[in-house]
Amino acid sequence: MPDAPALGAARLWRGHRGRLRLPDGLPARLGYDAVGMPTDIGRRVMKCLPRIGCVFADDQRWWWIVPSGSNIDVAWPTFTSYAVGARTTDLSGGHSGRSRLPRLIHHPQDDSPYTPPIPLYFMTCHIAGIRPHWSPGDASGPSQAI
């Protein structure tokens, strides 16, 4: 019998030290990271992308699962958060009890957990009115888009 949503979310969060856990049966052969963005932008992005992987959400942010290293040479907009290993608690020093725990809000139709990072990046920049920018050779990626 499946866990109640609140119990499952709490276990998912605490049991994995803030790492977003992919649903069973979705192999992440490339490893995985997460790109977080405000909910209003996340909703708009979701309406525009033709292919969407796993997406998690809490009260403040939507988290898109992307292959590991999707931050290399890419200047994600400053309003986004990039979580290496999809460890979202590492970004703020811990989870705030004020917002609900991230829960899966979109399960992909195929067997891949990933949203393609380049279309996600371009759509996020487009919606925010920011010009996309790559920084060849900078493995950490710049802190803001230019």
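Across all non-hydrogen atoms, the minimal contact from L20 to A34 is CD1-CB, 4.0 Å. When all heavy atoms of S68 and D33 are compared, the pair lying nearest together is CA-OD2, 3.4 Å. In plain terms, the two heavy atoms of G36 and R61 that are nearest each other are O-NH2, 3.1 Å. What you find for P116 and P119 is that their closest heavy atoms are O-CD, 3.4 Å. The shortest heavy-atom contact between V66 and L120 is CG1-CD2, 3.8 Å. Minimum interatomic distance between A28 and L22 (heavy atoms only, all atoms of both residues): CB-CD1, 3.6 Å.
Side chains of W62 and M46 form a contact here, defined as non-hydrogen atoms less than 4.5 Å apart. Residues V35 and W76 have side chains in contact (heavy-atom distance under 4.5 Å, counting atoms from C-beta outward). Looking at L104 and P23, their side chains come closer than 4.5 Å, going by heavy atoms from C-beta outward. Residues P108 and L26 meet the side-chain proximity criterion, which asks for heavy atoms closer than 4.5 Å. Looking at heavy atoms from C-beta onward, R131 lies out of side-chain contact with C125 at the 4.5 angstrom threshold. By the 4.5 Å heavy-atom criterion applied to side chains, R103 and D58 are not counted as neighbours. W63 places a side-chain heavy atom less than 4.5 Å from the side chain of S81. The side-chain heavy atoms of F79 and T124, taken from C-beta on, include a pair separated by under 4.5 Å.
When atom types are taken as modelled, the side chain of T80 and the backbone of M37 share no donor-acceptor pair closer than 3.5 angstrom. Between the side chain of T88 and the backbone N or O of G18 there is at least one donor-acceptor pair closer than 3.5 Å. Not one N or O on the side chain of H106 forms a donor-acceptor pair closer than 3.5 Å with the backbone of F56. Under a 3.5 Å cut-off, the side chain of Y121 and the backbone N or O of A75 do form a donor-acceptor pair. Panel note: side chain Y114, backbone C54; no donor-acceptor pair is recorded below 3.5 Å. Judged by distance alone, with hydrogens and angles left aside, the side-chain atoms of D111 form no donor-acceptor pair with the main-chain N or O of P27 at under 3.5 Å.
In H107, the NE2 atom is crowded: over 12 heavy atoms of neighbouring residues, nucleotides or ligands sit closer than 6.0 Å.
Counting only residues at least two apart or on different chains, the salt bridge (charged side-chain N to carboxylate O under 4.0 Å, His left out) pairs with a member in residues 42-54 are R51-D110.
The side chain to side chain donor-acceptor pair (under 3.5 Å) test applied to D24 returns R21, not counting sequence neighbours.
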Decide yes or no on side chain to side chain contact (heavy atoms under 4.5 Å, CB included) for V74 and Y82, but give the supporting numbers first.
-> CA-CA 11 Å; V74 176; Y82 193 90; over 6 Å; no

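A cation-pi contact links R19 to Y32, judged by a cut-off of 6.0 Å to the six-membered ring centre and 45° from its axis.
Between atom OG of residue S70 and atom CG of residue L30 there is a gap of 9.0 Å, rounded to the nearest 0.5 Å.
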